[in-house]
Amino acid sequence: MAIDAKQLLQMSQQELDALFSAHEAGPIPDGEAKGTAIIAPGTPISPEIAELINTFAWQGKVFDAKAGLLMNHILSIGLKAIIARVYKGPSLLDGKECIVLDYSQTSLVASHIRDEIRMIDTGFYLGKVYWDQARLIDFSLDFRT
């Protein structure tokens, strides 16, 4: 059975970190993915927070693998904004290769943000969000929908 965002929301932070570390980077994705923010993982409020964020703030990301760029799909009106460079590099979590989503050179608003993703199932990625070196939250990207 394929893993999905609902399963990730039920995992603890330790379980999410172990899942991330257990996988290879996978290919740099291409196309549009449905995003799910994972805040307070493993708690009863995590799915509710994810739904609120998905409805009002962030719906996912659109990747252009050939150009090495992405745009975030934000706000309920479907705005595509906040660009990041996409490349492979070492993870801040464990030093192993991951796909880096780097906003430092492409966004004034998110210049301190660095996301890292790894493919944990075909077309499904688990991500980590950092502010400089500090970990913030996790998220998933589902290219299967």
Side-chain angles (χ1 to χ4, degrees), residues 2-9 11-42 46-145:
I3 194 163
D4 63 18
K6 287 182 183 180
Q7 292 169 294
L8 297 182
L9 290 166
M11 293 181 177
S12 69
Q13 189 63 62
Q14 286 180 321
E15 290 170 321
L16 290 170
D17 291 349
L19 183 62
F20 186 86
S21 290
H23 287 83
E24 302 296 321
I28 292 176
D30 194 48
E32 190 160 353
K34 179 183 182 339
T36 300
I38 304 170
I39 299 171
S46 189
E48 294 169 4
I49 294 171
E51 185 62 34
L52 282 171
I53 289 171
N54 194 255
T55 300
F56 297 108
W58 177 72
Q59 290 81 40
K61 298 180 185 293
V62 182
F63 286 77
D64 182 340
K66 187 175 180 179
L69 296 171
L70 72 76
M71 290 188 296
N72 283 275
H73 185 193
I74 59 173
L75 305 177
S76 59
I77 60 171
L79 181 65
K80 295 198 174 45
I82 312 176
I83 297 169
R85 288 182 40 233
V86 180
Y87 55 87
K88 290 190 176 182
S91 171
L92 296 176
L93 182 71
D94 60 15
K96 294 177 7 186
E97 183 180 71
C98 68
I99 300 166
V100 177
L101 316 179
D102 181 357
Y103 296 88
S104 65
Q105 303 297 314
T106 57
S107 173
L108 292 174
V109 172
S111 63
H112 291 272
I113 299 295
R114 170 194 168 109
D115 296 343
E116 300 179 352
I117 61 173
R118 287 192 180 138
M119 189 170 69
I120 60 169
D121 200 355
T122 303
F124 190 74
Y125 291 75
L126 173 60
K128 308 284 182 190
V129 179
Y130 294 86
W131 177 277
D132 295 329
Q133 302 287 315
R135 289 201 24 212
L136 296 178
I137 66 168
D138 291 65
F139 65 96
S140 67
L141 295 172
D142 193 343
F143 290 86
R144 303 172 296 194
T145 58

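Reckoned from all heavy atoms, side chains included, excluding hydrogens, waters and symmetry mates.
- Between Tyr130 and Leu93, the closest side-chain pair of non-hydrogen atoms falls below 4.5 Å.
- Note that the OH atom of Tyr87 and the CD1 atom of Ile99 stand 12.5 Å from one another [nearest 0.5 Å].
- Summarising the local packing, CZ of Phe56 is surrounded by 12 or fewer heavy atoms from other residues, nucleotides or ligands at distances under 6.0 Å.
- Between Tyr103 and Lys61, the closest heavy-atom pair is OH-NZ, 2.8 Å.
- The only member of Ile83, Asp115, Ile82 that meets side-chain contact (heavy atoms from CB on, under 4.5 Å) when paired with Asn72 is Ile82.
- Residues meeting the side chain to side chain donor-acceptor pair (under 3.5 Å) test with Glu97, sequence neighbours left out: none.
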CA sep, side-chain torsions, deciding dist, call: Arg135, Asp17, side-chain contact (heavy atoms from CB on, under 4.5 Å): CA-CA 11 Å; Arg135 289 201 24 212; Asp17 291 349; 2.7 Å; yes
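- In this structure the side chain of Leu8 never reaches within 4.5 angstrom of the side chain of Asp138, judged on heavy atoms.
- Using a 4.5 Å cut-off on side-chain heavy atoms (C-beta onward), Arg144 and Asp4 make contact.
- For the salt bridge (charged side-chain N to carboxylate O under 4.0 Å, His left out) with Asp102, the lone residue among Arg85, Lys88, Arg114 that qualifies is Arg85.
- Distance CG/Leu79 to CD/Gln59: 9.5 Å, rounded to 0.5 Å.
- Taking every heavy atom of both residues into account, Pro90 and Glu116 meet most closely at O-OE2, 4.1 Å.
- Partner of Cys98 under the side-chain contact (heavy atoms from CB on, under 4.5 Å) criterion, out of His23, Arg118, Glu24: Arg118 alone.
- Applying the 6.0 Å contact sphere to NZ of Lys96 captures more than 12 heavy atoms from other residues, nucleotides or ligands.
- We find the CD1-NZ distance between Ile117 and Lys128 to be 13.0 Å, quoted to the nearest 0.5 Å.
- Residues Met119 and Pro27 come closest through the heavy atom pair CE-CD, 3.7 Å.
- Applying the ring pair (Phe, Tyr, Trp, His ring centres under 6.0 Å) test to Phe124 and every residue at least two apart in sequence or in another chain returns nothing.
- From Ile3, atom CD1 reaches atom CG of Asp121 across 7.0 Å, with rounding to the nearest 0.5 Å.
- The shortest distance between side-chain heavy atoms of Leu126 and Met11 does not fall below 4.5 Å.
- Rounded to the nearest 0.5 Å, atoms CD1 (Ile49) and CG (Leu9) are 9.5 Å apart.
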Got a list of side-chain donor-acceptor pairs under 3.5 Å for residues 28-39, not counting sequence neighbours?
unit_1, atom_1, unit_2, atom_2, d
Asp30, OD1, Ala65, N, 2.8

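- Ring planes of Phe143 and Tyr125: perpendicular class, angle over 60° (limits at 30 and 60°).
- Here the side chains of Met71 and Asp64 are not in contact, with every heavy-atom distance at 4.5 Å or above.
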